[in-house]
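As a basis for the values below, the full set of heavy atoms in this structure was taken, side chains included, without hydrogen atoms, waters or symmetry mates.
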Amino acid sequence: MLTDIEIAREAQLKKITEVAASLGIDEEDVDLYGKYKAKLSDELVNRVADRENGKLVLVTAVNPTPAGEGKTTVTIGIGDAMAKIGKKAVIALREPSLGPVFGIKGGAAGGGYSQVVPMEDINLHFTGDMHAITSANDLMCAMLDNHIQQGNELGIDQRRVLVKRCLDINDRALRNIVCSLGGKLNGVPREDHFIITVASEVMAILCLSEDVFDLKERLGRILVAYTYDGKPVYCRDIKANGAMAVLLKDAIKPNLVQTLENNPAIMHGGPFANIAHGCNSVRATKTALKLGDYCITEAGFGSDLGAEKFLDIKCRLAGLTPNCIVLVSTVRSMKYNGGIAKEALKTTFDMNALEKGCVNLAAHISNLKKFGVPVVVAINHFNEDTEEEIAFVEKLCRDNGAEFALTDCFKDGGAGSVELAKKVVEACEKENNFRPLYDLDAPVYDKIETIAREIYGADGVEYSKEARASIEEFIKLGADKMPVCIAKTQYSLSDNPKLLGRPTGFKINISSVDLSNGAGFLVCRTGSVMTMPGLSKTPAAYNIDIDENGNTVGLF
């Protein structure tokens, strides 16, 4: 089989104006970025706002394993399959980050014959949104340091600067630095930090803003520092939010691309779900709901991270109600959770390992059902899967109250997900009692405890001294009525990546807490989760190159 980039390069793309026209969008309502990418105009987004919503379908997954589950691939497959059964669907995805593209995970445009294209552009600079977010964030940081240098009228305590610079590349060397060295003209020396762009509050704000004016107001609410006498300093106090909004005025417009089968896909925003809220933009999702009868969207990593945040944060803040949740898993991921090494997954038939590891899938089904939304399990099918294994998993799903379907979209495109698409359509018509997991008026500690017990299966929560002090400080600032975004490893339901399956007898350890005041949630970091990843010993960048014909190779 061809590689992802080879498949994408052979695709017969339509001009993006033709894709737009299939949604009833005039050429005047798209801002072109070449032949195959465009941004949807503010005028279009505003004009369709009063239309009736289509059905909202969330695609999530079990805890990721080294074998890969293919959540984005399945999301795209469902969208293509919808077209094959006569349904008008719009896919809504996050934009890839350059960090994983050149790191270990690769791109985020799907795979095989279930991709969004132009794959190479999407996985690299795309329409420049990531760069705009990076620039806006770092402009804020530069203006804050300049304020301190130019007399510090606000009395900012440089030891209590909260905002961090960002970069959309994995670079562990920048996690903890000292800046402004070299003499008086270079600023006031202080400790500083870098995070990856997708973990920044500016990214979260862009993804939760209704329009550029809401964006500007939210940027102004960012808590940037404290004064020497302990008073909060906000982004608006250093007069940065207006200029930041100007840098982001195009970035807030959703991006329109297409699948290999020429169906529409909106890609916009890209927060990671292990260190941020993990969902594409509210603007993109709402626009997709107005343009299609179905919006097929995804949330990052496993349902304990992306889906929980989608349902408890994004849906709540944006007033959205999901009609169906698709939970992606694989037979091999269950065998991996049951103790089979990655290298042996393709050749090992072991029903005992499958039975032992399927508890992870069962846990995710149970968690999602707590939100009152119909659940369909999608098993991403591989050639080595046996009929006995598939029958076992299907029975497990039905015994746990979830519908079940196989998908072969990686090798067959939309045709490989027709059965799944039909199950999704049926689920969207079922009784829906959507409810968030916790009440916003509950105490902060109760909200954290609820997520830890109900979603992670923990026995409770332990806090560092610093975490408790931060929570108490943020309560004083009136942040106690906000939802909670927990930064946690994606590899386990617990905060220990080595605990596979369905761990028990553990507590969640909150190491630090930050306030994303503009985004509107508290961020609780667990264990040693990093907001600036590092490169592996053999990063994906080693294999990415330009060949003698000027073509990119090694991108996946």
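Side chains of N360 and R502 form no contact here, defined as non-hydrogen atoms less than 4.5 Å apart. Inter-residue side-chain proximity for M334 and S329 is flagged as met; some heavy-atom pair is nearer than 4.5 Å.
Using a 3.5 Å distance cut-off with no hydrogens or angles, the side chains of H268 and N280 do not pair a donor with an acceptor. In this structure, a donor-acceptor pair under 3.5 Å is present between the side chains of S492 and S494. Inspection of the K314 and T285 side chains reveals an N or O donor paired with an N or O acceptor under 3.5 Å.
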Would you list the atom pairs, donor with acceptor, under 3.5 Å between side chains in residues 410-418 and any protein atom, with sequence neighbours excluded?
from, atom 1, to, atom 2, distance (Å)
S417, OG, T407, OG1, 2.5

Donor-acceptor pairs under 3.5 angstrom involving side-chain atoms of residues 65-74: please list them, not counting sequence neighbours.
from, atom 1, to, atom 2, distance (Å)
T65, OG1, A67, N, 3.4
T65, OG1, E69, OE2, 2.7
E69, OE1, T65, N, 3.0
K71, NZ, E298, OE1, 3.2
K71, NZ, A299, O, 3.1
T72, OG1, E298, OE1, 3.1
T73, OG1, G111, N, 3.1

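K356 places no side-chain N or O within 3.5 Å of a backbone atom of N337 that could act as its donor or acceptor partner. Between the side chain of N400 and the main chain of L396, a donor-acceptor pair closer than 3.5 Å is present. Distance alone, capped at 3.5 Å, places no donor-acceptor pair between the S366 side chain and the A362 backbone. Judged by distance alone, the side chain of N323 and the main-chain N or O of L56 form a donor-acceptor pair under 3.5 Å. Distance alone, capped at 3.5 Å, is enough to place a donor-acceptor pair between the D4 side chain and the G112 backbone.
Between F272 and F301, the ring planes are perpendicular. Angles over 60° get that label, and only those under 30° would be called parallel.
Under the rule for a ring pair (Phe, Tyr, Trp, His ring centres under 6.0 Å), H364 has no partner lying at least two apart in sequence or in another chain. Y445 pairs by the ring pair (Phe, Tyr, Trp, His ring centres under 6.0 Å) definition with Y463, not counting sequence neighbours. Residues meeting the side chain to side chain donor-acceptor pair (under 3.5 Å) test with S114, sequence neighbours left out: none. With sequence neighbours excluded, the residues satisfying side chain to side chain contact (heavy atoms under 4.5 Å, CB included) with S512 are R525. For E389, the side chain to side chain donor-acceptor pair (under 3.5 Å) partners at least two apart in sequence or on another chain are K335, T386. Partners of E394 under the salt bridge (charged side-chain N to carboxylate O under 4.0 Å, His left out) rule, at least two apart in sequence or in another chain, are R398. Here D399 pairs with K395 under the side chain to side chain donor-acceptor pair (under 3.5 Å) rule; sequence neighbours left out. For N262, the side chain to side chain contact (heavy atoms under 4.5 Å, CB included) partners are K14, Q258, not counting sequence neighbours. Partners of D168 according to the side chain to side chain donor-acceptor pair (under 3.5 Å) rule, which considers only residues two or more places apart in sequence or in another chain, are S97.
A side-chain hydrogen bond (donor to acceptor under 3.5 Å, both in side chains) with D304 is found for one member of T489, N63, N367, T60 and no other, namely N63.
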Working for salt bridge (Lys or Arg N to Asp or Glu O under 4.0 Å), residues D293 and K55:
CA-CA 6 Å; D293 297 325; K55 304 290 188 182; over 6 Å; no
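For R332 and F382, the positive end sits near the middle of the six-membered ring, less than 6.0 Å away and at most 45° from its axis. A cation-pi geometry, defined here as NZ or CZ lying under 6.0 Å from the six-membered ring centre and within 45° of its normal, holds between R316 and Y438. F404 does not carry K423 over the face of its six-membered ring by the limits of under 6.0 Å from the centre and within 45° of the normal.
A salt bridge does not link E308 with K488: every distance from a Lys NZ or Arg NE/NH1/NH2 to an Asp or Glu carboxylate oxygen is 4.0 Å or more. Salt bridge present: E120 and R9 bring a charged side-chain N and a carboxylate O closer than 4.0 Å.
Within a 6.0 Å sphere centred on CD1 of I104, other residues, nucleotides and ligands contribute 12 heavy atoms or fewer. Annotation: F434, atom CZ; neighbour count of heavy atoms from other residues, nucleotides and ligands within 6.0 Å is above 12. Taking a 6.0 Å sphere around NZ of K370, one finds it holds more than 12 heavy atoms contributed by other residues, nucleotides or ligands.
Residue pairs meeting the side chain to side chain donor-acceptor pair (under 3.5 Å) criterion with at least one member in residues 77-96, sequence neighbours excluded: D80-T259, D80-N263, E95-N255.
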